[in-house]
Amino acid sequence: MAQTPRSSALVENLNSRLRNYFTLRRQLGGSYLDLLQFFLNHRCFLRSRVPQRVGKSPAELMTGQHHPHWLTLLGLGPLQPQRA
């Protein structure tokens with residue numbers, strides 16, 4: 001505990017990241033927060049300071065098991081390629 005820095009930077013960082021998801025909503029229900037939590041836990045990192053994290057989601061890093069895209073996990077079917 002003595003080596004843990006006492007700083008609010010972590011909380012401020014989290015709040016600044018979540019604020020983008022809350023700006024367009026007047027009220028936040030439990031279902032929206034559940035969906036946001038699921039999305040953030042299953043979205044793959046595009047970049048990271050730790051090279052082993054790139055291309056993996058937080059859920060994959062915790063379990064060590066690969067999972068399909070988060071939209072597929074929600075039952076929305078496999079991803080379709082974008083058309084020009």
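This chain uses plain numbering: 1 for the first residue, then up along the sequence.
- In this structure, Val54 is not a member of the same hydrophobic cluster as Leu40, with clusters built from ILVMFWY side-chain heavy atoms closer than 4.5 Å.
- Summarising the geometry, atom NE2 belonging to His42 is positioned 12.0 Å from atom CG belonging to Leu71; distances are rounded to the nearest 0.5 Å.
- What you find for Trp70 and Arg43 is that their closest heavy atoms are CD1-CA, 4.4 Å.
- Residues satisfying the side chain to side chain contact (heavy atoms under 4.5 Å, CB included) criterion with Pro68, sequence neighbours excluded, are Thr72, Leu73.
- Applying the side chain to side chain contact (heavy atoms under 4.5 Å, CB included) test to Arg53 and every residue at least two apart in sequence or in another chain returns Phe45, Ser48, Val50, Leu61.
- Using a 4.5 Å cut-off between side-chain heavy atoms of Ile, Leu, Val, Met, Phe, Trp and Tyr, with links allowed through other members, Met62 and Leu36 fall into different hydrophobic clusters.
- Of all non-hydrogen atoms in Cys44 and Gly55, the two that sit nearest each other are SG-O, 3.6 Å.
- Ser57 places a side-chain N or O within donor-acceptor distance of the main-chain N or O of Glu60, the cut-off being under 3.5 Å.
- Checked against side chain to side chain contact (heavy atoms under 4.5 Å, CB included), Asn20 has no partners two or more places apart in sequence or in another chain.
- Between Phe22 and Asn15, the closest side-chain pair of non-hydrogen atoms is not below 4.5 Å.
- Residues Leu35 and Leu76 share a hydrophobic cluster, clusters being chains of Ile/Leu/Val/Met/Phe/Trp/Tyr side chains in contact below 4.5 Å.
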